[in-house]
Student: 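Before anything else, here's the structure in question.
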Amino acid sequence: MLGDFGVGKTSLVRRFVEDRFDDKYLTTIGVKISRKTIVRSYGSMSMLIWDLAGSTGFDTFTNPSYMQGTAGAIIVCDITRRETLTIVAEYARQARIINPKIHLVFVGNKMDRTGERLVSDEDLREVSSTFGDGT
């Protein structure tokens, strides 16, 4: 999980892994690693989810070992804070420098805050189109 501070990375992980939501904001320090196994009729997949501490800019990439060997990354922006959208393409670029074969998914978070929305669906599509091949 990549993205600036406060975009909701930890909340997304907690909802996915533990099926719970907490609206109290807790800043991640360093990295929090969660484990989740998905079972389907055709097999199972065990995942380690690294929730990297949010940053302003690209502080996350001062330690590229967090990204080496990863199969994919989810890059999150907050649709109520336009500045978090403008940085996601740089997160994608930096992730691809560390791991050129990484699969990327882009998420616009906090869709429940419709009255505060500053980022449109078109804005999200435009930025995600800059991720290039393999996304």
Side-chain angles (χ1 to χ4, degrees):
M1 299 291 280
L2 300 173
D4 280 358
F5 72 94
V7 296
K9 298 179 302 294
T10 299
S11 293
L12 290 171
V13 171
R14 185 176 291 142
R15 181 69 164 178
F16 179 67
V17 173
E18 302 170 11
D19 195 25
R20 69 183 183 99
F21 175 76
D22 187 349
D23 61 357
K24 294 181 183 122
Y25 178 71
L26 298 172
T27 301
T28 301
I29 298 172
V31 63
K32 181 178 185 307
I33 302 171
S34 300
R35 183 182 305 266
K36 172 92 175 190
T37 299
I38 303 289
V39 179
R40 300 287 185 253
S41 61
Y42 49 84
S44 65
M45 175 175 59
S46 293
M47 295 182 284
L48 287 177
I49 303 166
W50 291 52
D51 178 6
L52 301 182
S55 60
T56 302
F58 315 107
D59 299 340
T60 299
F61 294 103
T62 58
N63 188 346
S65 65
Y66 286 154
M67 296 293 295
Q68 291 176 349
T70 188
I74 298 173
I75 304 174
V76 184
C77 80
D78 175 349
I79 64 153
T80 69
R81 293 174 30 225
R82 188 158 190 80
E83 66 275 11
T84 68
L85 174 69
T86 58
I87 206 79
V88 296
E90 185 60 19
Y91 276 104
R93 188 184 76 74
Q94 291 288 331
R96 286 243 166 84
I97 288 170
I98 296 165
N99 182 349
K101 295 182 180 184
I102 193 169
H103 295 277
L104 300 173
V105 174
F106 173 56
V107 173
N109 197 22
K110 303 187 184 180
M111 298 297 277
D112 57 318
R113 295 182 161 182
T114 55
E116 303 170 55
R117 187 173 186 165
L118 298 175
V119 176
S120 70
D121 287 346
E122 182 56 36
D123 294 332
L124 296 170
R125 277 190 289 278
E126 184 178 321
V127 170
S128 67
S129 71
T130 66
F131 289 172
D133 295 340
T135 60

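All values below come from the heavy atoms of this structure, side chains included, with hydrogens, waters and symmetry mates left out.
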Student: Only counting residues at least two apart or in another chain, list the ones meeting side-chain contact (heavy atoms from CB on, under 4.5 Å) with I97.
Tutor: R93, Q94
Student: With sequence neighbours excluded, tell me which residues meet side-chain contact (heavy atoms from CB on, under 4.5 Å) with D121.
Tutor: M111, R117, L124, R125
Student: To the nearest 0.5 Å, what is the distance between CG on L2 and OG1 on T70?
Tutor: 8.5 Å
Student: Would a single hydrophobic cluster contain both L118 and F5, if residues Ile, Leu, Val, Met, Phe, Trp and Tyr are joined by side-chain heavy-atom contacts under 4.5 Å?
Tutor: no
Student: Holding to side-chain contact (heavy atoms from CB on, under 4.5 Å), I want the full list of residues that pass it with S44, two or more places apart in sequence or in another chain.
Tutor: T37, V39
Student: Quick check for you: to the nearest 0.5 Å, what is the distance between K110 atom NZ and S11 atom OG?
Tutor: 7.5 Å
Student: side-chain contact (heavy atoms from CB on, under 4.5 Å) with I33: which residues, sequence neighbours excluded?
Tutor: V31, L48, W50
Student: How long is the gap from CD1 on I87 to CD1 on I75, to the nearest 0.5 Å?
Tutor: 11.0 Å
Student: Work out which heavy atom in K36 is nearest to a heavy atom in I49; give both atom names and the distance.
Tutor: CB-CD1, 4.4 Å
Student: For the residue pair I102 and G72, what are the closest heavy atoms and their distance?
Tutor: CG1-CA, 3.7 Å
Student: Hey, what do you get for CD1 (I79) to CD (E116), rounding to the nearest 0.5 Å?
Tutor: 9.0 Å
Student: Decide yes or no for R96 and L104: does some side-chain heavy atom of the first lie under 4.5 Å from some side-chain heavy atom of the second?
Tutor: yes
Student: Listed by chain and number, what are the salt bridge (charged side-chain N to carboxylate O under 4.0 Å, His left out) partners of R20, not counting sequence neighbours?
Tutor: E18
Student: What's the shortest heavy-atom distance between N109 and G8, and which atoms?
Tutor: ND2-CA, 3.4 Å
Student: Kindly indicate whether the side chain of V7, heavy atoms from C-beta on, has any atom under 4.5 Å from the side chain of V76.
Tutor: yes
Student: Taking only residues two or more places apart in sequence or in another chain, which ones pass side chain to side chain donor-acceptor pair (under 3.5 Å) with T86?
Tutor: none
Student: Should F16 and M47 count as side-chain neighbours, where that means a heavy-atom distance under 4.5 Å?
Tutor: yes
Student: How many angstroms lie between atom CD1 of I74 and atom CG of L12, to the nearest 0.5 angstrom?
Tutor: 7.5 Å
Student: With rounding to the nearest 0.5 angstrom, report the CG to CG distance, D4 to L85.
Tutor: 10.5 Å
Student: At their closest point, which heavy atom of F106 faces which heavy atom of S128, and how far apart are they?
Tutor: CD2-CB, 3.6 Å
Student: Closest heavy-atom contact between V13 and S34?
Tutor: CG1-OG, 3.7 Å
